[in-house]
**Q** 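Below you'll find the structure I mean.
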Amino acid sequence: MVRQTQMAAVALPVVLLLVAAAAAVSALPAINVTTMAFEDGYAPLFGHGNILRSADHRTVSLLLDRSTGSGFTSSSVYQHGFFSASIKLPSDYTAGVVVAFYASNGDVFEKRHDELDFEFLGNIRGKPWRVQTNVYGNGSVGRGREERYVLPFDPTTEFHRYSILWTPSAVAFYIDDVPVREVRRSDAMGGDFPSKPMSIYATVWDASTWATAGGRYRVNYRYGPFVASFTDLALLGCRVDGPIQQVPAAGRCAAAEEKLRASDVAVMTVEKQQAMRRFRERNMVYSYCYDTLRYPAAFPECDVVESERRRFKDTGHLRFSLRRRMGPRRSGGRAASRAAAAAAARDRDRDLKKRAADM
């Protein structure tokens, strides 16, 4: 049984301003959260010799070399919350390298685990890093709900913030201040929605067998060590102390969860929905919602927009390259592009108004 639960400081509105430049780019208010020193919320997980800390212990670098990768984990387990870190990824040739920031309880529930992932997938020189988000509930790895995006910036030159919001009713992934994905809980999802307490992890490791072009390009340690740096660490949620066997008793986290759901971080405004749709239109290159080969039956939480669906193959991958789609060369192509953009905008606005009316 779970011992007495301690409420974390989900004191929202929270108090420390993050990167103001991101707000200017996204045209959304900056997310304000309290950040912490590494020891206040995390501990080394593996590869201890490859974990380097700054003098003030607020920035941690994880190294992957020929001997080992490395990682750290939260000192507490959380039942819902907002978890974020500003991350700078390795540069140059990074094929086969995976950097991950995620929530999981796989160490406790081996066959029924829940997981929420940011997975950053390295690439050969000159090709961009890609980021994949995953949602697993109750061991639903066969229904991984994967989505993949190309980042609209170089993630190796400066820090960018990546955040996971997990409430009893929804999961959302943020890049800087922009929500890039939301999964709303429904009865139809059943146990596929993550519900059990989870720890937070950050790792860097060798995924040569699958990460880049299905394993075609492997880690080349001549370019190592590969260094991923983490700062602005934030853990906001209901801490669950003691052995984790199942969902905490009803009511133990109710107050913290209600504060979280009512906070500015969790409220999905029309402006946030519009920013999310713009990001997905410009940067999403794979979605399980359009992968009818792997998943012939539609997922209940998929918000299928017809203008978006037409851009993807039945494999779920983008039909055209981003460069070709975003930069038509002939006047006829520009006209078609403008018409497609206008149709997409109409579909988007109609969809947003419908969703707002349903809230």
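These numbers come from a predicted model, not from an experiment. Just so you know, these numbers use all the heavy atoms, side chains as well, and skip hydrogens, waters and symmetry mates.
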**Q** Would you please test Thr133 and Tyr149 for side-chain hydrogen bond (donor to acceptor under 3.5 Å, both in side chains) and show each step?
**A** CA-CA 9 Å; Thr133 59; Tyr149 324 93; 3.3 Å; yes
**Q** Quick check: do Arg181 and Met284 have side-chain heavy atoms less than 4.5 Å from each other?
**A**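 A side-chain contact is absent here, since even the closest heavy-atom pair is not under 4.5 Å.
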**Q** Determine, stepwise, if the pair Asp291 / Tyr286 fulfils side-chain hydrogen bond (donor to acceptor under 3.5 Å, both in side chains).
**A** CA-CA 8 Å; Asp291 190 345; Tyr286 173 82; 2.6 Å; yes
**Q** So Phe72 and Phe38, would you call those rings parallel, tilted or perpendicular, with 30° and 60° as cut-offs?
**A**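 Correct class here is perpendicular.
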**Q** Restricting to non-hydrogen atoms, name the atom on Asp177 and the atom on Ile31 that form the minimum distance, rounded to 0.1 Å.
**A**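 Result for this residue pair: OD1-N, 2.9 Å.
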**Q** Would you say the side chain of Leu151 lies within less than 4.5 Å of the side chain of His160, judging by non-hydrogen atoms?
**A**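 When only atoms from C-beta onward are counted, Leu151 and His160 do not touch, as no gap falls below 4.5 Å.
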**Q** Is the CZ atom of Arg53 crowded by more than 12 outside heavy atoms at less than 6.0 Å?
**A**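 Yes - once you tally the heavy atoms of other residues, nucleotides and ligands closer than 6.0 Å, there are more than 12.
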**Q** List the steps and the verdict of salt bridge (charged side-chain N to carboxylate O under 4.0 Å, His left out) for Glu306 and Arg309.
**A** CA-CA 5 Å; Glu306 181 59 25; Arg309 186 195 65 77; 2.6 Å; yes
**Q** May I ask you to test the Phe83-Leu236 pair for a side-chain heavy-atom distance under 4.5 Å?
**A**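 When only atoms from C-beta onward are counted, Leu236 and Phe83 do not touch, as no gap falls below 4.5 Å.
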**Q** Hey, what's the ring geometry for Phe120 with Phe118, parallel, tilted or perpendicular (30° and 60° as the breaks)?
**A**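 Answer is parallel, since the angle falls under 30°.
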**Q** How close do Asn220 and Phe226 get, counting heavy atoms only, and between which atoms?
**A**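 Taking every non-hydrogen atom into account, O-CZ, 3.4 Å.
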**Q** Just wondering, do Phe312 and Leu318 contact through their side chains at under 4.5 Å, heavy atoms?
**A**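 Of all side-chain heavy-atom pairs linking Phe312 with Leu318, at least one is under 4.5 Å.
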**Q** I need the single residue from Arg145, Glu147, Glu119 that forms a side chain to side chain donor-acceptor pair (under 3.5 Å) with Asn134. Which is it?
**A**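 Of Arg145, Glu147, Glu119, side chain to side chain donor-acceptor pair (under 3.5 Å) with Asn134 is met by Glu119 alone.
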**Q** Backbone N or O of Ser199 within a donor-acceptor pair of the Ser74 side chain at under 3.5 Å?
**A**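 The answer is no, because no donor-acceptor pair under 3.5 Å joins these two groups.
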**Q** Under 30°, 30 to 60°, or over 60°: which ring-plane class applies to Tyr288 and Phe299, parallel, tilted or perpendicular?
**A**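 Plane angle over 60°, so perpendicular.
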**Q** May I ask you to test the Arg161-Val33 pair for a side-chain heavy-atom distance under 4.5 Å?
**A**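 Yes, at least one pair of side-chain atoms sits under 4.5 Å.
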**Q** Of the non-hydrogen atoms in Asp114 and Gly137, which two are nearest, and what is the gap between them?
**A**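 Nearest heavy atoms, Asp114 then Gly137: OD1-CA, 3.3 Å.
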**Q** Is there a salt bridge (charged side-chain N to carboxylate O under 4.0 Å, His left out) between Glu146 and Arg148? Walk through the geometry before answering.
**A** CA-CA 7 Å; Glu146 307 97 334; Arg148 190 173 292 186; over 6 Å; no
**Q** Can you check whether Tyr217 reaches Asn123 side chain to side chain, under 4.5 Å on heavy atoms?
**A**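 The answer is no; the side chains never approach within 4.5 Å.
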**Q** Using modelled atom types only, decide if a donor and an acceptor are shared between the side chain of Lys196 and the backbone of Phe109 within a distance under 3.5 Å.
**A**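 No.
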**Q** Considering all heavy atoms of both residues, which atom of Lys272 and which atom of Val267 are nearest to each other, and what is their separation?
**A**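 Lys272 and Val267 have their closest heavy atoms at NZ-O, 3.1 Å.
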**Q** Flag the pair Phe230 / Val99 as yes when at least one side-chain heavy-atom distance between them is below 4.5 Å, and no otherwise.
**A**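 Side-chain contact under 4.5 Å: yes.
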**Q** Within a reach of under 6.0 Å around CG of Asp187, are more than 12 heavy atoms found that belong to other residues, nucleotides or ligands?
**A**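 No, the 6.0 Å shell around CG holds no more than 12 heavy atoms from other groups.
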**Q** Could you go step by step and tell me if Tyr136 and Asp117 meet the side-chain hydrogen bond (donor to acceptor under 3.5 Å, both in side chains) rule?
**A** CA-CA 9 Å; Tyr136 302 131; Asp117 298 312; 4.7 Å; no
**Q** Please check if any side-chain donor atom of Thr156 sits under 3.5 Å from a side-chain acceptor atom of Asp154, or the reverse.
**A**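 Result is yes, a qualifying pair exists.
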**Q** Kindly state whether the ring of Tyr162 and the ring of Phe101 have centres lying under 6.0 angstrom apart.
**A**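 Ring centres of Phe101 and Tyr162 not closer than 6.0 Å.
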